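Single-structure report; data block below.
The first residue in the sequence is number 1, and the count goes up from there. Counting convention: from 1, in listed order, for ligands and their atoms alike. Please read all numbers here as calculations on a predicted model, not as lab measurements.
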Amino acid sequence: MERTLAIIKPDAVQRQLVGLIISEIEMNKFAITAIRTMRLTADQAALLYEEHRAKPFFDSLVAYTASGQLFALVLEKEDAIEAWRQLMGPTDPAKAGPLSLRRRFAIDIQRNSVHGADSLATAEKEIDFFFGEGV
Ligand code: IDP
Ligand code: MG
């Protein structure tokens, strides 16, 4: 079993889509092995997205990510990293397939409702970021 880190982002929490998105996670046979809700500080959001520091959208992304409550989840399944990214769809919801979470729920390319780790190394780093040792 592989594990990945998923986030239900502030735009989705604010619009009360948490239950719907968790239903989709379960219907797609991911096991949820850890979950927490929190609001990130701007410094924490900047750390989470540090790979994008040089991008023009970085400051806006950090402000949005720290703008409200989010839910972080550890999901387990065979090929969980790729399977969760498939279920989310591409970053830009306008380019996402009709059944993907981002097409169904995202507002725009920034407020795109869900996050997923993009590699094994990133998944472990992000799980540690949200859950620390012992998960
Ligand atoms: P990902 O979330 O699909 O892995 P990344 O390229 O890693 O996409 O970007 C991280 C996050 O930054 C995206 O999910 C989105 O919230 C935001 N983002 C990415 N590209 C843009 C953009 O062109 N404009 C505004 N926000 C963006
Ligand atoms: Mg990414």
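Residues L5 and L73 fail the side-chain proximity criterion, which asks for heavy atoms closer than 4.5 Å. When side chains are defined from C-beta on, Q44 does not count as touching F130, because their heavy atoms never get closer than 4.5 Å. Counting only heavy atoms from C-beta outward, the side chains of L20 and F105 approach each other to under 4.5 Å.
Residue contacts with ligand 1 for R111 are absent, since no atom lies close enough (heavy atoms, distance under 4.0 Å). Using a 4.0 Å cut-off between heavy atoms, L61 contacts ligand 1 through its side chain alone, with no backbone atom that close. At a heavy-atom distance under 4.0 Å, only side-chain atoms of Y49, from C-beta outward, approach ligand 1. Of the heavy atoms in T91, both backbone and side-chain atoms come closer than 4.0 Å to ligand 1. Proximity of K55 to ligand 1, defined as any heavy-atom pair under 4.0 Å, is not found for any part of the residue. Contacts with ligand 1 closer than 4.0 Å are made by no heavy atom of M88, backbone or side chain.
Summarising the local packing, NZ of K55 is surrounded by more than 12 heavy atoms from other residues, nucleotides or ligands at distances under 6.0 Å. The number of heavy-atom neighbours closer than 6.0 Å to CD of Q69, taken from other residues, nucleotides and ligands shown, is above 12.
Protein heavy atom in closest approach to atom 9 (O) of ligand 1: H52 NE2, 3.4 Å. Shortest contact from atom 15 (C) of ligand 1 to any protein heavy atom: I109 O, 3.2 Å.
The CG atom of D92 sits 9.5 Å away from the CZ atom of R102 when rounded to the nearest 0.5 Å.
Under a 4.0 angstrom heavy-atom cut-off, N112 registers as being in contact with ligand 1.
Salt bridge E82/K77: absent, no basic N to carboxylate O contact under 4.0 Å. Taking the charged nitrogens against the carboxylate oxygens, R111 and D108 do have a contact shorter than 4.0 Å, which makes a salt bridge.
Nearest-heavy-atom check against atom 23 (O) of ligand 1 across Y64, F58, F57 picks out F57. Residue R85 holds the heavy atom nearest to atom 4 (O) of ligand 1 of all those in R102, R85, H115.
Relative orientation of the H115 and Y49 rings is perpendicular, given thresholds of 30° and 60° on the angle between their planes.
Considering backbone and side-chain N/O atoms, Q110 comes within less than 3.5 Å of an N/O atom of ligand 1. Between E51 and ligand 1, no N or O atom pair is found at a separation short of 3.5 Å.
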